[in-house]
Amino acid sequence: MIVYRTKNDLTRHLLSWQNEEKTIGLVPTMGALHQGHVSLVEKANGENDIVVVTIFVNPTQFNDPSDLDHYPRTLDRDLELLRNLEADLVFVPSVKEMYPEEDSQIYDLGTLDEVMEGKHREGHFNGVAQIVSKLFLLIRPRRAYFGQKDFQQLVIIRRLVEIMEMDLTIVQCPIIREKDGLAMSSRNTRLSKEERKLAPFIYETLNHAREKMDTLTPTQLKDWVTLQFKKQPEMELEYFEIVEDKSLTPVNEWDETVNKVGCIAVQLNGVRLIDNLNFD
Ligand code: AMP
């Protein structure tokens, strides 16, 4: 497994693979890898000649400096894990390498970034679009792998590919969960033992909400979820929204002809956790 830190080294090596017409699968990550990331790498391995993994904690997508400061970094462990997974190349650039100067590019994401994460994390998706577009242009993958865990991000990346007019397939990968249902996340390592015990409540509530679809309207369901979190003093509900899966438009009435996803964000003593579930 090759590890590169500069764009020059990376592109020089990629060129030789591209000349041999090898298909490249890209897995962009921010490191602190867990089984969720592993599932993406394994899927990419099965579908491409070459797998490139990137590890970069992208500062332009953090609206909260404290979240950026506390983001877990476990590079040695990550590289060991990727070596065992037989990834071909890992790109670990510095901030200066990816942003030699400030990136002022603004992406037209339509209304996709006006709801949920976009509403609560000002500028987050523009930052995501900045780094992902740089990686796409640099690596020119045939396929790129993203988890449904960050559902809104996945929809926005699809839009980005349209804007960039790239010949690239975005592969959606299912959410990998702990045994108790908590969606795996690098941020879970920041939870104390007590907080970790409380966290599965998020997924449980999503499931209960889905069961109540037959008896409650979307508004009543939102109120019900809000009430459940009011009873949990350690947890603060940022949002619970049921959205159409492509437009991310909030659903106000049940319509069986559209695919719906229930999305949630919760602060658990300052650690921000997100999750989602198909509401079909
Ligand atoms: P991150 O390192 O958190 O930026 O995530 C990198 C990629 O891994 C993104 O496409 C995420 O959606 C995906 N991912 C993170 N957690 C999970 C999970 N529990 N299951 C599946 N994919 C995940």
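Numbering of ligands and ligand atoms starts at 1, following listing order.
Heavy-atom separations between Tyr71 and ligand 1 include at least one value shorter than 4.0 Å. For the pair Arg177 and ligand 1, no heavy-atom separation below 4.0 Å is found.
Closest to atom 10 (O) of ligand 1 among all protein heavy atoms lies Gly147 N, 2.9 Å. For atom 1 (P) of ligand 1, the nearest non-hydrogen atom of the protein is His37 NE2, 3.7 Å. For atom 23 (C) of ligand 1, the nearest protein heavy atom (residue, atom name, distance) is Lys149 CB, 3.9 Å. Closest to atom 11 (C) of ligand 1 among all protein heavy atoms lies Asp150 OD2, 3.1 Å. Ranking protein heavy atoms by distance to atom 6 (C) of ligand 1, first place goes to Pro28 O, 3.4 Å. With hydrogens left out, the protein atom closest to atom 16 (N) of ligand 1 is His34 CE1, 3.3 Å, a heavy atom.
Backbone and side-chain nitrogen or oxygen atoms of Met184 are examined, and one is located within less than 3.5 angstrom of a nitrogen or oxygen of ligand 1. Considering both main-chain and side-chain atoms, Met30 comes within under 3.5 Å of ligand 1 through a nitrogen or oxygen pair. In terms of N/O distances under 3.5 Å, ligand 1 is approached by Ile176. At a 3.5 angstrom cut-off on N or O pairs, Tyr145 does not count as close to ligand 1.
The residue Leu33 has no part lying near ligand 1, judged by heavy-atom distances below 4.0 Å. At a heavy-atom cutoff of 4.0 Å, ligand 1 is contacted by the backbone of Pro174 but not by its side chain. For Gln35, no heavy-atom contact with ligand 1 is shorter than 4.0 Å. For Gln148, no heavy-atom contact with ligand 1 is shorter than 4.0 Å.
Side chains of Asn278 and Gln148: a donor-acceptor N/O pair is present below 3.5 angstrom, by distance only. Counted by atom type alone, Gln105 and Gln130 present zero donor-acceptor pairs between their side chains at under 3.5 Å. Judged by distance alone, the side chains of His13 and Tyr4 do bring a donor and an acceptor atom under 3.5 Å apart.
Phe201 and Phe229 have perpendicular rings, their planes meeting at more than 60° on a 0 to 90° scale where under 30° would count as parallel. Ring geometry for Trp224 against His208 counts as perpendicular: the plane angle is over 60°, on a 0 to 90° scale with 30° as the lower cut. In this structure, Phe279 and Phe240 have tilted ring planes: the angle between them lies in the 30° to 60° band.
In summary, the atoms of ligand 1 found under 4.0 Å from a heavy atom of Thr29, numbered by their order in the structure, are 2 (O), 6 (C). Atoms of ligand 1 found under 4.0 Å from any heavy atom of Phe146, numbered from 1 in the order shown, are 10 (O). Contact atoms of ligand 1 toward Ile175: 20 (N), 21 (C) (distance under 4.0 Å to a heavy atom of the residue).
Residues satisfying the side chain to side chain donor-acceptor pair (under 3.5 Å) criterion with Lys260, sequence neighbours excluded, are absent altogether.
Residue Thr217 forms a side chain to side chain contact (heavy atoms under 4.5 Å, CB included) with just one option from Leu221, Thr219, Thr215, and that option is Thr219.
Using a cut-off of 4.0 Å between Lys/Arg side-chain N and Asp/Glu carboxylate O, Asp49 and Arg142 are scored as not salt-bridged. A salt bridge is absent between Glu80 and Arg77: the closest approach of a Lys/Arg side-chain nitrogen to an acidic carboxylate oxygen does not fall below 4.0 angstrom.
Within a 6.0 Å sphere centred on CD of Glu122, heavy atoms belonging to other residues, nucleotides or ligands number 12 at most.
Looking at Arg121, its side chain never comes within 3.5 Å of a backbone N or O of Asp64 through a donor-acceptor pair.
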